[in-house]
There are 2 protein chains.
Amino acid sequence: MTSSGMQRPGGRTARVRTAVLKAAEDALVEVGFAGLDLGDIARRAEVGRTTVYRRWGSVGALLADVLTDMAEQSLPRARTGSLHEDLRANARLVQRTLADPRQGALFRAVLLAATCDPAAAEALHRFYRTRVDEWAPCVTEAVERGELPPGTDPAEVVRAVSAPLYYRMLTTPDPLDEPTADRAAAAAESAARAGAFRPAGPEVI
Amino acid sequence: MTSSGMQRPGGRTARVRTAVLKAAEDALVEVGFAGLDLGDIARRAEVGRTTVYRRWGSVGALLADVLTDMAEQSLPRARTGSLHEDLRANARLVQRTLADPRQGALFRAVLLAATCDPAAAEALHRFYRTRVDEWAPCVTEAVERGELPPGTDPAEVVRAVSAPLYYRMLTTPDPLDEPTADRAAAAAESAARAGAFRPAGPEVI
DNA sequence: TCGCTAACGGGACTTTGGTGCCGTTAAGAT
DNA sequence: ATCTTAACGGCACCAAAGTCCCGTTAGCGA
């Protein structure tokens, strides 16, 4: 008896999954989220249409799988030993990712999918939790070094770096460039140094 | 000859538009962005299906019109005379808006639509530009009062207040509450006071 | 190497989102 | 009040997304 969970994950099945995920990304970049069509993706992947419908069933579920796949390829975070440098490295990484035609389109699409599809939402939340946890040590170490006030919430600082970049991407037509990334990092750093990210209020002098 | 532009905007036409926009919002809240169907919206609005397809033609265009309509109902900004209070008022307004089931769903949907539909994107960008301009005077006045360093970019400060709220809404399952809003406002204020939002670098002592 | 069966693939079939046609209604000008 | 025509509404039509069925392929265990 094969374990009930994944029954036959090797060989062909894995090959089909890889081809379909790749095709989904390609289609996303070319035609955008709105134009996604499972039939078209099957054609691109040179895979039976039925297969795609059976294994994923919806655009949301497929994008959730794409995101899960992306989450597994984790990039190493910077370790420069200075909060300022670390946050800037993080900001620039996010900026480059969002500005990249392929990755950027992908992220926008998954953000979209997450608002309608529960599976995509779950995958998205896991993805960001992972990424934030990955960078949080930068902040923890800065607190230990005495660069930041004790009690600072590391995750909040990391999120504060990304937030302006995402907000800009979504609500303005302006391009995401390096100066923007550096400003986001600098703003987060200033706020953190001022103690804005401690759970308790900032009324301690 | 009627002026070229809008040819017959009164009476029935306006009534149809109102009914359809209302129906679109209802549908959005009930079935979500992914489930939007122009036929269904026409049924809800008690309007001919053909009419909706002819006047708007796509979900993106319809949502763009919904957003344009929303932009016209502008809420007055706070004028408390203190940067801290003003930014907090702004943050809480955004928080309440995004946390509201109806408005929140609507904003998410329009953000989505903007990433695939050019018309929706344009409407969205206009909307945010308007809102940011509306609140920018808070910051300008704070600069004049000497609360913030000269050269501070007002729009960037206002955006810095909203950004963490949107980021949280999109990337985490956590609810948007008042403390979160207050923290966002406080962080933006700290960063602004530290001079993080001046176009030139913050290396002036 | 062989057998079992999970997973794939092709094609027919159904459902549904979207378009075209044309008669009807009512806004706005005279 | 009357006329013109922009805009609406119903219906038939079309195309394409999604489902079903069943025969075929190939992973995996013995």
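Here is the naming used below: chain letters follow the sequence lines, and residue numbers restart at 1 for every chain.
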At less than 4.0 Å, is any side-chain N or O atom of A/Arg55 found next to OP1 or OP2 of C/dC8? Yes or no. yes
Where protein sits on nucleotides 12-25 of chain D, one letter per nucleotide: B base, S sugar-phosphate only, - none, heavy atoms under 4.0 Å: B----SBBBB---B
Nearest-angstrom distance from the residue atom CZ of B/Arg15 to P of C/dT25: 15 Å
Every stem of 3 or more Watson-Crick or G-U pairs under 3.5 Å that DNA chain D joins, in order of first number, is C:1-30 with D:1-30
Can you tell me which residue pairs pass the salt bridge (charged side-chain N to carboxylate O under 4.0 Å, His left out) test with a partner in residues 170-180 of chain A, sequence neighbours excluded? A/Arg92-A/Glu178
Do the charged groups of A/Arg79 and A/Glu141 touch, with an N to O distance under 4.0 Å? yes
To the nearest angstrom, the CH2-P distance between B/Trp56 and C/dG18 comes to 15 Å
In chain order, what residues pass the salt bridge (Lys or Arg N to Asp or Glu O under 4.0 Å) check against B/Glu156, with sequence neighbours excluded? A/Arg183, B/Arg159
Apply side-chain hydrogen bond (donor to acceptor under 3.5 Å, both in side chains) to A/Arg129 and list each qualifying residue two or more places apart in sequence or on a separate chain. none
Between atom CD1 in B/Ile41 and atom P in C/dG18, what is the gap in whole Å? 10 Å
Pairwise side chain to side chain donor-acceptor pair (under 3.5 Å) hits with a residue in residues 25-39 of chain A, at least two apart: A/Lys22-A/Asp26, A/Glu25-A/Arg102, A/Asp26-A/Arg102, A/Glu30-A/Arg44
Of all pairs that satisfy ring-ring contact (aromatic ring centres under 6.0 Å, His included), the ones with a partner from residues 58-112 of chain B, not counting sequence neighbours: B/Phe107-B/Phe127
Does D/dG9 have OP1 or OP2 sitting under 4.0 Å from an N or O in the side chain of B/Thr51? yes
Partners passing side-chain hydrogen bond (donor to acceptor under 3.5 Å, both in side chains) against A/Arg54 (at least two apart in sequence or in another chain): none
Side chain to side chain contact (heavy atoms under 4.5 Å, CB included) filter on B/Thr130, not counting sequence neighbours, yields B/Glu134
